[in-house]
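Below is one structure; the comments refer to it alone.
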Number of protein chains: 2
Amino acid sequence: MTQQTHSHDHGRAPVDLTKNQSLVFGALSRAEGPLSAYTILDQLRDDGFRAPLQVYRALDKLVETGMVHRLESLNAFVACSHPGCDSHETIAFAICETCGKVAEISDEPLEARIRELTGKDGFTVKRAVVELRGLCAACS
Amino acid sequence: MTQQTHSHDHGRAPVDLTKNQSLVFGALSRAEGPLSAYTILDQLRDDGFRAPLQVYRALDKLVETGMVHRLESLNAFVACSHPGCDSHETIAFAICETCGKVAEISDEPLEARIRELTGKDGFTVKRAVVELRGLCAACS
DNA sequence: ACAACATTGTAACTATATAACATTCTGGAG
DNA sequence: CTCCAGAATGTTATATAGTTACAATGTTGT
């Protein structure tokens, strides 16, 4: 197979992905929950992946474009759950500590409150990390 | 020196600390900003620290009692900035990406909004990780 | 064909965190 | 006091997460 960019056809394709980016995004899309970079690496051994860097490079790009989110409190990654990975600014994640599933949360009041907090003491927010750890409805 | 618990006299002492916990808390109190576990280890070599576990064990306890907070997005730790480390539930951290300093934020409306979000889809929040990355007033 | 650039491959390394087990200290029961 | 139990500590090895440096290959435009 020659090297080229691939449109990833998971039903929607806002960006063209390279081969490795496609493979990594595929692994994350198949997964029920978040995966660590090394878990992804293991899943892609058969596709020729040998070193962590191959995964991290792909993840960097995918996170940059918003197709994948990084969960700081887990050191893990999830495919964005929004159709088309387009708009939808996600502000928060709800992470179930029992089943491991992650829900994305978009909440205008929450965003607004964070913006307000920001101005208060002159702090400028560039990125908000909001991760709610707990139990999902199914696991309660 | 015989082994015993020490009250840590940083002006206020809500809990009795063991020797190692005291040393680790001291290192974090002295620091301007958050420290990684391995940075703490290096600073405590002269006090007899040799292995990461000595630091992590102390940190576990200090985090549990609320005297130290863990910053998930940095893999680092800060001494709680509240006098006496007693009440004051901290809900969020403002982390300056230039000078590295961290401010603790207690905000009732923010907490309230997170509680509301929770009930919405049956998710039960056990712990909220809120870390705002950006620029502090001094660095803007 | 060839130059310029993007993508990928590979090895070694640094950073973060835990597991398993041995030792020492402290405080209480006999 | 002695001995025992539990807490705290020490030590070695290992697991997990992420980066640096450099080589090789593919792709595109001229």
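Atom set for the values below is all heavy atoms of this structure, side chains included, hydrogens, waters and symmetry mates excluded. Quick note on labels: first sequence line is chain A, next is B, and so on, each numbered from 1. Quick caveat: nothing in here was measured; it's all calculated off a predicted structure.
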Spacing between [X] atom [atom1] and [N] atom [atom2], to the nearest angstrom:
| X | N | atom1 | atom2 | answer |
| --- | --- | --- | --- | --- |
| A:L41 | D:dT19 | CG | P | 15 Å |
| A:L59 | C:dT7 | CG | P | 15 Å |
| A:Y56 | D:dG18 | OH | P | 4 Å |
| A:N20 | C:dA6 | CG | P | 17 Å |
| A:L53 | D:dC22 | CG | P | 14 Å |
| B:D47 | D:dG10 | CG | C1' | 15 Å |

Check this one for me: any side-chain N or O of [X] less than 4.0 Å away from OP1 or OP2 of [N]?
| X | N | value |
| --- | --- | --- |
| B:R70 | C:dA17 | yes |
| A:T18 | C:dT7 | no |
| B:N75 | C:dA17 | yes |
| B:Q54 | D:dG10 | yes |

Counting heavy atoms from C-beta on, name the nucleotide in [options] closest to the side chain of [X].
| X | options | result |
| --- | --- | --- |
| B:A51 | D:dT12, D:dG18, C:dT10 | D:dT12 |
| B:Y38 | C:dA17, C:dG9, D:dG10 | C:dA17 |
| A:S36 | D:dG18, C:dA17, D:dA17 | D:dA17 |

Path from A:V129 to A:L110 over hydrophobic side-chain contacts below 4.5 Å: no
Can you find a donor-acceptor N/O pair under 3.5 angstrom joining the side chain of A:R57 to the base of D:dG18?
no
Practice prompt. Report yes if the side chains of B:L132 and B:I95 come closer than 4.5 Å at any heavy-atom pair, otherwise no.
Written response: no
_I'd like to know if A:E131 pairs up with A:R133 as an ion pair, taking the criterion as any Lys NZ or Arg NE/NH1/NH2 lying under 4.0 Å from an Asp or Glu carboxylate oxygen._
no
I'd like to know if A:E116 and A:R113 make a salt bridge, using a cut-off of under 4.0 Å between side-chain N and carboxylate O.
yes
